[in-house]
Amino acid sequence: MTPFVRLVGAAAATLVATAAAAQERPHVELVLGIQIGFHEAIACGARAAAEEFGADIGVQAAQNYGPADQIPLLNSVLATRPDFVILDPTNRTAMVAPLADAVAQGVKVIAVDTTLDDTSMLTARIGTDNVEVGRQLARGLAEQLGDQAGKVAMVASSPGISTIDDRIKGFEEEIAKYPNLEFIGTQYAGNEVGQATSTFSSLLAANPDLIGVAAPSENPAMGVAAGIRGAGVADSVAAAGVDASEAQIAALREGLLDALVMQQPYEMGYEAVKAAVAVTNGEEVPAEAATGAVIGTAENIDDPEVAKYLYVGHCI
């Protein structure tokens, strides 16, 4: 009977080892571009998935949006020897070399929201189809303007960010389908609310017949809203933005913003950590996974099918 007992013991040990491997908890570091509502929602989703699927997670956000702040933050978390880094690359070219260095150190990289020109080092990318977001932004603005004829413009953060570049591309393609609207171009204001306000004010002064403005991310949208309030033109200038932070929703309810293309950042963070755990356990994950977006207005923002996309939570 002894050999049989030994065999059972060995088999049991193997089963225990296999179960432990299957339950391995990866060390994940989430390195976000800036602490705003959109990134807070990513962090909330990531934390929820880490608890549900079993991962140890750290969350960091840069002080200012851009590679100058994100690269040192990335280097600091790499010193903790994580298994995965999840991040929104703040520049499609400048972040390539630092992330290639991370991969060379044995760290797997998952991109959320934004992406890179060279994606060869990415394990996965999870985010919105941002060209389509740009198209939705144009449709949302055009719907608010109806049959009015006149000039429309874009106030954006900075070129070289994949999401912004793609949204502008989609916006330009779609707005051209409305012959009553003359698109006069994009003005860049960095990621500062105050600069976006000044940029909008200059646009309005140079184009008193401006009837619409779009902003492809949160801070420029809030800057435009502040400019509209300051100029007292909420009734004559329609504004559409991207994202749905608490401040943006307040501006929507106030009538300073008229439409918001609302993404699903919570899902981005959740699916990214879920993918990290799956890869740790030897599973394959798609190289690209898309999350959708809906258009929110003052009329539909309390509809449960729209309200579920609001960016709520404080998880950084």
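Note that this is a predicted model, so its numbers are computed, not measured. Because only heavy atoms are used, hydrogens play no part in the values below, and waters and symmetry mates are left out as well, while side chains stay in.
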What one should report as the nearest heavy-atom pair of I316 and E40 is N-OE1, 3.1 Å
Got [X] and [Y] here, is their nearest side-chain heavy-atom distance under 4.5 Å?
X    : Y    : answer
E218 : V242 : no
L145 : V152 : yes
V233 : L210 : no
L78  : R81  : no
V131 : E173 : yes
V31  : Q70  : yes
L260 : I249 : yes
N191 : N64  : no

[X] with [Y]: basic N within carboxylate O range, under 4.0 Å:
X    : Y    : value
D88  : R125 : no
R167 : D113 : yes
R229 : E254 : yes
E182 : K151 : no

Check: [Y] main-chain N/O paired with [X] side-chain donor or acceptor under 3.5 Å:
X    : Y    : answer
N91  : P67  : no
Q248 : S245 : yes
N130 : V133 : no
Y311 : Q263 : yes
T114 : P89  : yes
Q144 : A259 : no
D258 : A239 : yes
N281 : E283 : no
D83  : P26  : no

Q: Could you check E132 against R139 for salt bridge (charged side-chain N to carboxylate O under 4.0 Å, His left out), going step by step and ending with a plain yes or no?
A: CA-CA 10 Å; E132 179 57 25; R139 290 194 292 269; 2.7 Å; yes
In the single-linkage hydrophobic clustering (I, L, V, M, F, W, Y; side-chain heavy atoms under 4.5 Å), do [X] and [Y] co-cluster?
X    : Y    : value
L252 : Y309 : yes
M121 : L74  : yes
I110 : L99  : no
Y188 : I34  : yes

Out of curiosity, [X] [atom1] to [Y] [atom2], how far, rounded to the nearest 0.5 Å?
X    : Y    : atom1 : atom2 : answer
F183 : F171 : CZ    : CZ    : 5.5 Å
I57  : L30  : CD1   : CG    : 5.5 Å
T291 : Q264 : OG1   : CD    : 5.5 Å
L181 : D147 : CG    : CG    : 10.0 Å
L32  : I86  : CG    : CD1   : 9.5 Å

side-chain hydrogen bond (donor to acceptor under 3.5 Å, both in side chains) test vs R92 passes for just one of T115, T163, T119, D165, namely D165
(Q) Between K308 and E305, does the salt bridge (charged side-chain N to carboxylate O under 4.0 Å, His left out) criterion hold? Intermediate values first, please. (A) CA-CA 6 Å; K308 68 183 181 182; E305 288 304 306; 3.1 Å; yes
Audit row: F84, V273, side chain to side chain contact (heavy atoms under 4.5 Å, CB included) steps and yes/no: CA-CA 9 Å; F84 288 84; V273 172; over 6 Å; no
Practice problem: Anything under 30° is parallel, anything over 60° is perpendicular, the rest tilted; go ahead and classify Y65 against H39. | Solution: tilted
Report task. Tell me who clusters with M222, hydrophobic residues only, linked when side chains sit under 4.5 Å apart either directly or through other members. Result ->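 ILVMFWY cluster around M222 also holds V193.
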(request) Evaluate the criterion side chain to side chain contact (heavy atoms under 4.5 Å, CB included) for residue pair I228 and F200; output intermediate values, then yes/no. (result) CA-CA 8 Å; I228 287 174; F200 170 78; 3.6 Å; yes
V109/T123 under side chain to side chain contact (heavy atoms under 4.5 Å, CB included): CA gap, chis, key distance, verdict: CA-CA 6 Å; V109 176; T123 296; 5.7 Å; no
Could you walk me through whether I71 and M95 pass side chain to side chain contact (heavy atoms under 4.5 Å, CB included), step by step? CA-CA 7 Å; I71 290 172; M95 294 303 299; 3.6 Å; yes
* Asked: Are more than 12 heavy atoms from other residues, nucleotides or ligands located less than 6.0 Å from atom CD of Q105?
  -> yes
